[in-house]
Amino acid sequence: MFEGCPIVLHLTELGNENGAPVLFLHAGSYSGTMWRDIAARLPDLCCILPDLPGHGYSREIKLTTLEEAADAVAALIIDRYPGGPVHLVGLSFGAYVGLILMARHPQLIQRAMLSGLHLGALPQRRLMTLFAAVISPLIRLHVVRRKLAEPLGITDRSIYDRADGAANLTPRTLRSVFRLVSVFDVYDLLPTIPVPTLVIAGEREHSTITYSLNDFQRLMPNCAARIVPGLGHAWCREDPDLFAETVAAWQRGAPPPSDLAPIDA
């Protein structure tokens, strides 16, 4: 049970302060700044952009478990938005944290949109752990952060660096992110999550992510799953207009855009 959380996450708020509150949880290695382009396309919404533990200006907050990260986000919601539940958008690492948040604190989330997450153990998790161990010391170098961001279509330095030029995360945080998502065995939690949820994967995602869509839709009581044709893991960067359109539709209870394909299509 949530007994309160002493962690205070760094927070940016954009858009209409009187609009429907939508909480955006960022991918690993980045921070709330990665959502600025999407927030600019949603001027009528109150876009809440926290830096998750170990990232951005929350970098000194130790990332230990997904549960502790979710509790920190819950504390933020309770403290800053006591008037009612918020909507949730999570991508990649942010989607993993978001799902745990929904399982532990469903009363805080009205509707959720999660993209780029899988269920179960990744088939190459040992290789991922080795990669993280090798690359993590190099994350201090700007050129390495830039090279890691480029395949995701991220070229804006303000997304992969803090404003002071420092890295968004420490080597330890990078290793923790890989460790926490490599085995995401939450099958038993899915039937307990009542939040209306849209789970999305880009068509060019890793197969473990696209294959998980069926399980999400089958096991979560209020879940719809969709594929984004032709796009990949960072489809919010590849087609920000479509991503923003999807957020806007889902938070108001409308069907997802027809550009997104049902998984049984």
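Just so you know, residue 1 is the first one in the sequence shown, and it goes up from there. The figures that follow rest on heavy atoms only: side chains count, while hydrogens, waters and symmetry mates do not. None of the values given here were measured: they were computed from a predicted structure.
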Q. So, Asp71 versus His105: side-chain donor-acceptor pair below 3.5 Å or not?
A. yes
Q.
Quick one about Thr173 and His55 (side-chain donor to acceptor, distance below 3.5 Å, no hydrogens or angles considered), yes or no?
A. no
Can you find a pair of side-chain heavy atoms, one from [X] and one from [Y], that are under 4.5 Å apart?
X      : Y      : value
Phe243 : Val89  : yes
His26  : Leu52  : yes
Val199 : Gln217 : no
Leu88  : Leu25  : yes
Pro194 : Pro106 : yes
Gln251 : Leu45  : yes
Val228 : Thr246 : no
Pro256 : Leu198 : yes

Any donor and acceptor pair, going by atom type alone, linking the side chain of [X] with main-chain N or O of [Y] inside 3.5 Å?
X      : Y      : result
Arg41  : Leu242 : no
Arg145 : Ser29  : no
Ser212 : Leu119 : yes
Asp44  : Gly19  : no
Ser58  : His10  : yes
Glu203 : Pro229 : no
Arg175 : Ala132 : no
Asp51  : Gly32  : yes
Ser176 : Leu174 : no

Do the side chains of [X] and [Y] join up, straight or via other hydrophobic residues, at under 4.5 Å, putting them in one cluster?
X      : Y      : result
Leu114 : Ile227 : yes
Ile139 : Leu63  : no
Leu76  : Val195 : yes
Leu42  : Trp235 : yes
Ile263 : Leu260 : no

Quick one: pull up [atom1] in [X] and [atom2] in [Y] and give me the separation to the nearest 0.5 Å.
X      : Y      : atom1 : atom2 : value
Leu190 : Met220 : CG    : CE    : 6.0 Å
Thr210 : Ile200 : OG1   : CD1   : 14.0 Å
Arg157 : Ile159 : CZ    : CD1   : 13.0 Å
Leu9   : Ile48  : CG    : CD1   : 12.5 Å
Leu101 : Ile77  : CG    : CD1   : 5.0 Å
Leu127 : Ser182 : CG    : OG    : 11.5 Å

Q: Could you check Tyr30 against Trp35 for ring-ring contact (aromatic ring centres under 6.0 Å, His included), going step by step and ending with a plain yes or no?
A: CA-CA 10 Å; Tyr30 303 106; Trp35 294 115; over 10 Å; no
Q | Lys/Arg-Asp/Glu bridge criterion (N-O < 4.0 Å) met for Glu238, Arg204 | A | yes
(Q) So that I can tick it off, tell me whether Arg237 and Asp37 are bridged by a salt bridge, with the cut-off set at under 4.0 angstrom between side-chain N and carboxylate O. (A) yes
Q: Verify side chain to side chain contact (heavy atoms under 4.5 Å, CB included) between Cys47 and Arg36, making sure each step is shown before the conclusion.
A: CA-CA 9 Å; Cys47 297; Arg36 289 181 181 273; over 6 Å; no
[X] and [Y]: which non-hydrogen atoms are nearest, and at how many Å?
X      : Y      : result
Pro53  : Ala72  : CG-CB, 4.4 Å
Asp185 : Asp188 : O-OD1, 4.3 Å
Ala133 : Ser136 : O-OG, 3.4 Å
Ala95  : Ser115 : CB-O, 3.6 Å
Gly116 : His233 : O-CE1, 3.3 Å

Q) Between Leu99 and Phe184, does a side chain to side chain contact (heavy atoms under 4.5 Å, CB included) hold up when you go through it step by step? A) CA-CA 11 Å; Leu99 189 70; Phe184 192 62; 3.6 Å; yes
Q. On the ring face of Tyr57, is Arg162 found with NZ or CZ under 6.0 Å from the centre and within 45° of the axis?
A. yes
Q | Whether Tyr96 and His118 hold their rings parallel, tilted or perpendicular, with breakpoints at 30° and 60° | A | perpendicular
Q: Applying side chain to side chain contact (heavy atoms under 4.5 Å, CB included), run through Lys62 and Arg172 and close with a yes or a no.
A: CA-CA 9 Å; Lys62 194 173 182 180; Arg172 183 191 181 281; 2.8 Å; yes
Q | side chain to side chain contact (heavy atoms under 4.5 Å, CB included) assessment of Arg59 paired with Thr170 | A | CA-CA 7 Å; Arg59 196 180 70 178; Thr170 64; 4.0 Å; yes
**Q.** Tyr81, OH atom: more than 12 neighbouring heavy atoms under 6.0 Å
**A.** yes
Q. Which of these, Ile38, Val22, Thr33, Leu14, sits in a side chain to side chain contact (heavy atoms under 4.5 Å, CB included) with Leu49?
A. Leu14
